[in-house]
Amino acid sequence: MKKRLFVIAVFALVVGLLSACGSNNNNASNSGASNNPASTNSTSGGGESTPAPKEIKELKVSFVPSKDPEQIITATDPLKELLKNQLATQGYNVGNVTIDVGTTYEAVGEALTAGTTDIGFIPGGTYALYDDGADVILTATRAGLSNDSDNPKDWNDNKPTEPTSEQATYYRSLLIAGPSAKGQELAAKVNNGEQLTWDDLNSANWAIMSTTSSAGYIYPTLWLQKNYEKSLTDLAHVVTSDSYGSSIGRLAAEQVDIIVAFADVRRDYVEQWTKEFNRTSSIWDETNVIGVTDGIYNDTISVSKESPVIDDELKAALQEAFIAIAGTPEGKEVIKVYSHEGYQVAQASDYDNERKAQEVIRSMKE
């Protein structure tokens, strides 16, 4: 009898131990399922989980009107898909990329400040004026030029200006005299080694750009201040162009005698000079440099501080995306509309000289 009771007791103990063991295994399994997110998000092959893409309904990109707006819109249209595809490789699903050209440089700066556009292709001067509302993320690089002297005669003795294989992070602004009688008179003096007087310049008709354009306003003003203690606002005969193409057209039509533009803007209008503007000689034969400014740090790609979609992660992704795009044949075709050839990561401090230039301009207006 005692033996029988002992066997029953041992059997009951074994059953109890097995039940406890099974319960512990089930608890462990349930605990792992609730605490390990990979168990619900892993791929069907059992590999590591893939984070869900970050959704962006729309990215708005704005360009300044340094050339004809329709030309910019046409040239940059492929950027929409290039940017969407490149950001997709970095975990962003962008529904739509829209592109527009501001009516003025200031309009793009104001749009960045207001957050009504997300990304702006703007000059350093425009960025410096609107840096309360915009962050610079990239600086453009351009092909260096065969001419880089601060002596205008050197540019005229070595025409045409050609690109070099070296990349440059700065450029100059040029004062270019055209085929009008006054333009040729001023060019002759420069090429004879004579110094132009204020009266020489003030008697000419000028085409300039908006007040935040580095090459089309700020640096030419600094050049006049340095050489004559004057500014563009002191000139008697000035018109403001909406693009460099408009300035070139005015120069060709002899409506103006002098334009101010980035170096060397003439390379972009060699064919138009004769075919569209109906000049009988080449742009190199009919134009001359009469003034050269100090170096200007290159254009920026800036983003809005007020944009609802821009954050630090997206800034970094955009930097990588634009650098990668500029390295492709399709991307190079897009960015050459601004004579850009590539991009490098920028710091706000890179444009301290632009801020100083803006201070000078503001003080001269007071």
Side-chain angles (χ1 to χ4, degrees), residues 105 123-126 128-129 145-159 161 168 170-241 244 247-248 250-251 256-266 287-298 351-366:
Y105 288 41
T126 308
L129 188 63
L145 297 175
S146 56
N147 292 315
D148 190 39
S149 171
D150 58 6
N151 182 351
K153 187 176 184 300
D154 291 340
W155 292 73
N156 301 330
D157 289 343
N158 296 287
K159 293 189 289 188
T161 302
Y170 76 92
Y171 62 106
R172 297 181 186 273
S173 175
L174 302 179
L175 283 68
I176 300 173
S180 66
K182 173 60 71 171
Q184 293 297 298
E185 173 192 322
L186 299 177
K189 290 189 71 172
V190 168
N191 290 333
N192 286 333
E194 300 176 44
Q195 179 71 37
L196 294 177
T197 67
W198 170 249
D199 287 340
D200 288 332
L201 298 174
N202 196 38
S203 62
N205 294 312
W206 291 61
I208 64 174
M209 299 293 286
S210 65
T211 57
T212 66
S213 170
S214 297
Y217 191 94
I218 296 171
Y219 278 76
T221 289
L222 295 177
W223 182 86
L224 287 173
Q225 185 187 50
K226 177 182 177 181
N227 291 285
Y228 303 96
E229 297 184 350
K230 300 287 186 178
S231 74
L232 291 177
T233 57
D234 294 316
L235 292 166
H237 311 288
V238 178
V239 294
T240 301
S241 295
Y244 288 120
S247 287
I248 292 286
R250 286 185 165 117
L251 199 68
V256 298
D257 309 304
I258 302 170
I259 67 168
V260 290
F262 63 87
D264 196 325
V265 66
R266 294 172 293 178
T287 65
N288 287 275
V289 176
I290 61 170
V292 184
T293 74
D294 292 336
I296 308 166
Y297 218 73
N298 277 350
Y351 293 88
D352 283 346
N353 283 339
E354 290 289 345
R355 295 182 181 86
K356 292 175 183 176
Q358 289 288 348
E359 287 297 325
V360 171
I361 296 296
R362 278 193 287 267
S363 67
M364 295 174 68
K365 291 179 179 179
E366 295 175 355

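Quantities reported herein were computed from a predicted structural model and do not represent experimental measurements.
In summary, the side chains of N147 and K159 do not present any donor paired with an acceptor at a separation below 3.5 Å, with no hydrogens or angles considered. For the residue pair S247 / S241, a side-chain donor-acceptor distance below 3.5 Å is found, with atom types taken as modelled.
Within the 3.5 Å criterion, the main-chain N or O of W198 finds no donor-acceptor partner in the side chain of N202.
Annotation: the span from Y217 atom OH to L232 atom CG amounts to 5.5 Å, rounded to 0.5 Å. Atom OG of residue S203 and atom NE2 of residue H237 lie 7.5 Å apart, to the nearest 0.5 angstrom. We find the CG-CG distance between N288 and L175 to be 12.5 Å, quoted to the nearest 0.5 Å. Distance check, rounded to the nearest 0.5 Å: OG1 of T287 to CH2 of W155 gives 12.0 Å. Note that the CD1 atom of I296 and the CD1 atom of I218 stand 8.5 Å from one another [nearest 0.5 Å]. Once rounded to the nearest 0.5 Å, the distance linking CD1 of I176 with CD1 of I259 reads 4.5 Å.
Side-chain atoms of R172 and D150, non-hydrogen and from C-beta on, do get closer than 4.5 Å to each other. For the pair T126 and L129, the minimum side-chain heavy-atom distance is 4.5 Å or more. Inter-residue side-chain proximity for P152 and V292 is flagged as met; some heavy-atom pair is nearer than 4.5 Å. Looking at heavy atoms from C-beta onward, S214 lies out of side-chain contact with Y297 at the 4.5 angstrom threshold. At least one side-chain heavy atom of D264 sits less than 4.5 Å from a side-chain heavy atom of L174. The side-chain heavy atoms of Y228 and L196, taken from C-beta on, include a pair separated by under 4.5 Å. The shortest distance between side-chain heavy atoms of D234 and L224 does not fall below 4.5 Å. Looking at V260 and W223, their side chains never come closer than 4.5 Å, going by heavy atoms from C-beta outward.
By the side chain to side chain contact (heavy atoms under 4.5 Å, CB included) test, A204 is found to be paired with K182, L186, W206, D257, I258, residues two or more places apart in sequence or in another chain being considered.
Between Y244 and F262, the two ring planes are perpendicular [angle over 60°; tilted spans 30° to 60°].
Here the closest non-hydrogen pair linking S210 and T240 is N-CG2, 4.1 Å. Shown here for G291 and V289, the closest heavy-atom pair between the two residues is O-CG1, 3.4 Å.
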(request) Just do the side-chain contact (heavy atoms from CB on, under 4.5 Å) check on L201 and I290 with the steps written out, would you? (result) CA-CA 10 Å; L201 298 174; I290 61 170; 4.2 Å; yes

